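To start, the structure itself, in structure tokens.
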Amino acid sequence: MQAEGMKRRRCMSADIDRIRHSLAHVMAEAVLHLHPGVQFGIGPAIQDGFYYDFLFPQSIANEDLPAIEKEMRRIIAQNQTFVREEVSKAQAREIFRDQPFKLELIDGLEEGTISIYRQGDFVDLCRGPHVESTKELRPDAFKLKTIAGAYWRGDETRPMLTRIYAYAFATKAELEAYLRMLEEAERRDHRKLGKELDLFSTHEEAGPGLIYWHPKGGRVRVELEKWWREEHYKNGYEILFTPHIGKSWLWETSGHLGFYKANMYAPMTIDEDDYYIKPMNCPFHIMIYKTTSHSYRDLPLRWAELGTVYRYERSGVLHGLMRVRGFTQDDAHIICTPEQIEDEILEVLRFSLSMWKTLGFSKIKAYLATRPADSVGDPERWDQALVSLKKAIEKEGLPYEMDEGGGAFYGPKIDLKIQDAIGREWQMTTIQFDFNLPERFDMTYVDKDGRQKQPYMVHRALLGSIERFFGVFVEHYAGAFPVWLMPDQVAVIPVAPTFDEYAKEVTAFLRGKGVRAKAMLSEERMNAKIRDAQNQKIPYMVILGQREKDERTVSLRLRTGSQENGIPLETFASRVLGKIEAKALDL
RNA sequence: GCCGAGAUAGCUCAUUUGGCAGAGCGGCGCACUCGUAAUGCGCAGGUACCGGGUUCGAUUCCCGGUCUCGGCUCCA
């Protein structure tokens, strides 16, 4: 039953890929009609549609897209058939003699027959499969999106082609649903909400990719970090603080100056020594490890730090809080014996999942990355590490995918991707083995048999970075965070200035209990204040007038719009405190 | 970094063959004393991203730079 469902889904996904890929060919044909002399790159189906890469005789702009879209619809209406042919390599070279990119692709293919597809006057080198005829393509279920530059074969030393992206689905309804999701994503965009809710900013005059946390963003961060520290102590971690810069010796020893230099900032000279600002925290933690000798009895060590690192990112990749040049990792290093590693991995995974649960994320998928072509460390250790990673994932019952060859050169890893409220996946947690640094820094412990041995080391970040986490968090909740993380938890609104005194009293009462309450005492109308509080996503609004003053109650409006009258002040306070303490997701 | 688009008041945006810079929101002031999403009136607010060029005259056209956005590549 389940297997059947799976099969059907796979089959449907193959169908949609066929539609998307066929539309890519139709787009190529349309482009050929409108821009003769164009050269073709590749045109695959992708997650939400398709793209095709072209080298145009003269550059085109977004304004050219409607004409291409129109031509595509004309082609579809002609009911053109897709015809597969098999040709020899030599024949293929002849067919594509004016298409250098295709010729390069042909050169890369194995000897034997090569399949090509024809429709209308367009022919493409293609494995297929395609739909039978353009009849199967819905003219209203695709939409050209944007043009963008893309290097030929993703290689920045190769020519840059013009890529046209399109959304495409099996039906118009699916396309429309997807476009609505995109609108929703735009509405939730953390850069927009960050401004509207006064959470953070960046400043071009002061440097791109560097985040300024405003009081309200700062409040969220402080609450989050407070909780993070408590959880780490509860889970057997110790918390470290380490410097922001270190002498070149440190980075030479760690190897960062060899393999990570492109992401590090130029050194500063202090007393004739070069110091680098840190792109990672690990070497500092190792320095602490090496201050004493360690017995196997001391292990495992779980050392965490909210460590702020700086990494050079190319200007074109910066993106709000998601991709920045300075960020704080919720980093930790676990140093343990080989015997302990399996339990330690499982613990980290459990810990991570429990954190995500508290934060209101429950759809989580693991990606297990294996040994890449270039790697350091004993293959046997890689295998053992991989087994313990896999066991941990399976024990937790997490869905997972293999990412073959996707590990770092120094060890395999588990990445967790969390799904947000509108179905997007974000890579956050990372758990990485490191066979490199213990070796380079000559880390040791004394084992039961009295011998010096090298410990295992695992790097892990649960939230990833505080900045990126906050970006995802803002978008997941669209700014309406759980109460415990809300900068303002209660808005106190008198119906008229006559009741300002009672509003102050209520506010002071709540603040005295540790609730972040804010009295809204301006000359504005009550309705304007409610609107303002609502826009600020303040979870609780208490409305105060004569009745409430007489009875020492509050009239409560939630940000969801619901309303409850005549709640005794104490009752309300304990309700809010209860939600805060429980880190409840509801109000 | 590369390809493409953009930058006008604190915010969101108008401003067409190149001729004195505009609105709404927000801010401030005054009036109104109000019961669950915007009370009314008034005032202030600008080196049109920065630098150069063309022109009698540039927010507008050209060149260079910065930053932002969509991608490529990379990644927490």
Side-chain angles (χ1 to χ4, degrees), chain A residues 51 53 55-56 59-64 145-165 186 189 191-192 195-196 198 201-209 260 262-263 279-281 307-309 311-331 408 415 426-430 432 459-469 471-472 491 493-500 522-536 541-548 555-559 561-565:
Chain A
Y51 69 78
D53 287 344
L55 188 59
F56 285 95
S59 65
I60 67 158
N62 282 314
E63 289 71 54
D64 296 302
K145 176 168 65 166
T146 51
I147 63 174
Y151 299 107
W152 170 236
R153 305 190 121 177
D155 181 344
E156 61 187 298
T157 64
R158 308 298 304 273
M160 181 161 273
L161 309 183
T162 302
R163 176 170 297 177
I164 301 179
Y165 278 99
E186 202 172 325
D189 191 314
R191 295 165 299 187
K192 184 171 168 253
K195 216 178 264 181
E196 284 173 12
D198 199 14
S201 58
T202 57
H203 302 272
E204 85 173 76
E205 321 85 288
Y260 206 71
N263 288 288
M280 295 188 191
N281 303 301
T308 303
V309 298
R311 299 181 184 174
Y312 172 72
E313 297 287 353
R314 297 156 112 189
S315 57
V317 307
L318 301 175
H319 180 94
L321 293 171
M322 306 295 195
R323 192 72 185 277
V324 295
R325 284 181 172 162
F327 57 97
T328 300
Q329 290 183 304
D330 71 318
D331 207 358
D415 286 334
W426 302 92
Q427 202 235 287
M428 312 296 283
T429 301
T430 183
Q432 307 186 348
H459 309 256
R460 52 111 274 205
L462 300 187
L463 305 178
S465 83
I466 302 295
E467 285 75 7
R468 174 185 283 177
F469 167 75
V472 172
I493 301 172
V495 300
T498 324
F499 306 105
D500 278 4
S522 70
E523 297 291 303
E524 284 301 321
R525 292 289 192 277
M526 175 197 67
N527 276 332
K529 291 176 188 174
I530 289 174
R531 189 185 139 86
D532 184 30
Q534 195 75 49
N535 286 337
Q536 291 295 311
M541 287 159 258
V542 299
I543 316 293
L544 309 175
Q546 192 63 51
R547 282 199 297 280
E548 289 75 17
S555 171
L556 176 63
R557 182 195 162 99
L558 303 180
R559 69 182 166 201
S562 71
Q563 190 183 333
E564 298 163 49
N565 296 329

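Letters A, B, ... mirror the listed sequences (proteins, then strands); counts begin at 1. All values below were derived from every heavy atom in this structure, side-chain atoms included, with hydrogens, water molecules and symmetry-related copies excluded. Since the structure is predicted, the reported quantities are computational estimates derived from the model, not experimental observations.
Dashed line: the shortest gap from a side-chain N or O of A/Ser315 to OP1 or OP2 of B/G1 is under 4.0 Å. For the pair A/Tyr165 and B/C72, the criterion of a side-chain N or O lying under 4.0 Å from OP1 or OP2 is met. For B/A76, neither phosphate oxygen OP1 nor OP2 lies less than 4.0 angstrom from any side-chain nitrogen or oxygen of A/Arg323. The phosphate of B/C75 has neither OP1 nor OP2 within less than 4.0 Å of any side-chain N or O from A/His319.
Checking A/Glu524 against A/Ser522 by side-chain atom types alone, no donor-acceptor pair falls below 3.5 Å.
Residue contacts shown for A/Ile466 are absent, as no nucleic acid heavy atom lies under 4.0 Å away. Among the protein residues, A/Arg547 comes within range of the nucleic acid bases, having at least one heavy atom under 4.0 Å from a base atom. A/Arg163 comes within contact range of the sugar-phosphate backbone alone, with a heavy-atom separation under 4.0 Å but no base atom that close. As judged by a 4.0 angstrom heavy-atom cut-off over every strand, A/Met541 is placed among residues making no nucleic acid contact. As judged by a 4.0 angstrom heavy-atom cut-off over every strand, A/Pro208 is placed among residues touching the sugar-phosphate backbone only. As judged by a 4.0 angstrom heavy-atom cut-off over every strand, A/Ala528 is placed among residues touching the sugar-phosphate backbone only. Residue A/Gln536 is out of contact with every strand shown, counting any heavy-atom pair closer than 4.0 Å. Among the heavy atoms of the strands, none lies under 4.0 Å from A/Asp155.
Interface remark: the A/Glu313 side chain does not form any donor-acceptor pair with the B/G1 base, using a distance-only criterion of under 3.5 Å. Judged by distance alone, with hydrogens and angles left aside, A/Gln432 brings no side-chain donor or acceptor close enough to the base of B/A76 to form a pair under 3.5 Å. Scanning atom types as modelled, one donor and one acceptor separated by under 3.5 angstrom connect the side chain of A/Arg531 and the base of B/A38. Between the side chain of A/Tyr51 and the base of B/G71 there is no donor-acceptor pair of N/O atoms closer than 3.5 Å. For A/Arg158 against B/C72, a side-chain-to-base donor-acceptor contact under 3.5 Å is absent.
A/Arg557 has its side chain out of reach of A/Ser562: every pair of non-hydrogen atoms, C-beta onward, lies at least 4.5 Å apart.
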## Note on the structure
Here RNA chain B, pairs taken as Watson-Crick or G-U under 3.5 Å and shown with ( ), [ ] when crossing and | when to another strand, reads (((((((..((((.....[..)))).(((((.......))))).....(((((..]....))))))))))))....
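B/C74 and B/G18 have their P atoms separated by 45 Å, given to the nearest Å. For the C1' atoms, the distance from B/U16 to B/U8 is 16 Å, rounded to whole Å. Only the C1' atoms considered, B/U54 is 49 Å distant from B/A38, to the nearest whole Å. B/C63 and B/G10 have their P atoms separated by 29 Å, with the value rounded to a whole Å. Going from the C1' atom of B/C28 to that of B/A5 covers 38 Å, rounded to whole Å. Between B/G46 and B/C13, the two C1' atoms lie 15 Å apart (nearest whole Å).
Note that the CG atom of A/Leu463 and the CD atom of A/Gln329 stand 11.5 Å from one another [nearest 0.5 Å]. Separating the CG atom in A/Leu556 from the CD atom in A/Glu564 is a distance of 5.5 Å, to the nearest 0.5 Å. Taking CE of A/Met541 as the reference point, atom CD1 of A/Ile543 lies at 7.5 Å (rounded to 0.5 Å). Interatomic distance, A/Arg525 CZ to A/Ile530 CD1, rounded to the nearest 0.5 Å: 13.0 Å.
For A/Glu205 and A/Glu467, each mapped to the nucleotide of RNA chain B holding its nearest heavy atom, the one lying further toward the 5' end belongs to A/Glu205. Between A/Asp189 and A/Glu204, it is A/Glu204 whose nearest contact on RNA chain B lies nearer the 5' terminus.
Among residues two or more places apart in sequence or in another chain, the salt bridge (Lys or Arg N to Asp or Glu O under 4.0 Å) test is passed with A/Glu467 by A/Arg221. In terms of the side chain to side chain donor-acceptor pair (under 3.5 Å) criterion, residue partners of A/Thr308 (sequence neighbours excluded) are, by chain and number, A/Thr328. Qualifying ring pair (Phe, Tyr, Trp, His ring centres under 6.0 Å) partners for A/Phe469, counting only residues two or more places apart in sequence or in other chains: A/Trp356, A/Phe473. Annotation: salt bridge (Lys or Arg N to Asp or Glu O under 4.0 Å) contacts of A/Arg531 (sequence neighbours excluded): none. Among residues two or more places apart in sequence or in another chain, the salt bridge (Lys or Arg N to Asp or Glu O under 4.0 Å) test is passed with A/Asp64 by none. Not counting sequence neighbours, the partners of A/Asp53 by the salt bridge (Lys or Arg N to Asp or Glu O under 4.0 Å) test are A/Arg163.
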Residues 315-327 of chain A, side-chain donor-acceptor partners within the protein, below 3.5 Å, at least two apart:
{"residue": "A/His319", "atom": "ND1", "partner": "A/Arg191", "partner atom": "NH1", "Å": "3.4"}
{"residue": "A/Arg323", "atom": "NE", "partner": "A/Glu313", "partner atom": "OE1", "Å": "3.4"}
{"residue": "A/Arg323", "atom": "NH2", "partner": "A/Glu313", "partner atom": "OE1", "Å": "2.6"}
{"residue": "A/Arg325", "atom": "NE", "partner": "A/Glu313", "partner atom": "O", "Å": "2.9"}
{"residue": "A/Arg325", "atom": "NH2", "partner": "A/Glu313", "partner atom": "O", "Å": "2.6"}

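Applying the salt bridge (Lys or Arg N to Asp or Glu O under 4.0 Å) rule to pairs touching residues 147-162 of chain A yields A/Glu104-A/Arg153, A/Glu104-A/Arg158, A/Glu156-A/Arg314, sequence neighbours excluded.
The two residues A/Asp330 and A/Gly464 come nearest to each other via the heavy atoms OD1-N, 3.0 Å.
Side-chain N or O atoms of A/Lys529 include none that pairs as donor or acceptor with a backbone N or O of A/Val495 at under 3.5 Å.
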Could you run down the sub-3.5 Å N/O contacts of the protein with nucleotides 28-32 of chain B?
{"residue": "B/C32", "atom": "O2", "partner": "A/Arg525", "partner atom": "NH1", "Å": "2.6"}
{"residue": "B/C32", "atom": "O2", "partner": "A/Arg525", "partner atom": "NH2", "Å": "2.8"}
{"residue": "B/C32", "atom": "N4", "partner": "A/Glu523", "partner atom": "OE1", "Å": "2.9"}

Nucleotide N/O of nucleotides 10-14 of chain B paired with protein N/O under 3.5 Å:
{"residue": "B/U12", "atom": "OP1", "partner": "A/Lys195", "partner atom": "NZ", "Å": "3.2"}

I'd like a table of atom pairs between the protein and nucleotides 3-6 of chain B - only N or O on both sides, under 3.5 Å - with the distance next to each one.
{"residue": "B/C3", "atom": "O2", "partner": "A/Gly149", "partner atom": "N", "Å": "3.0"}

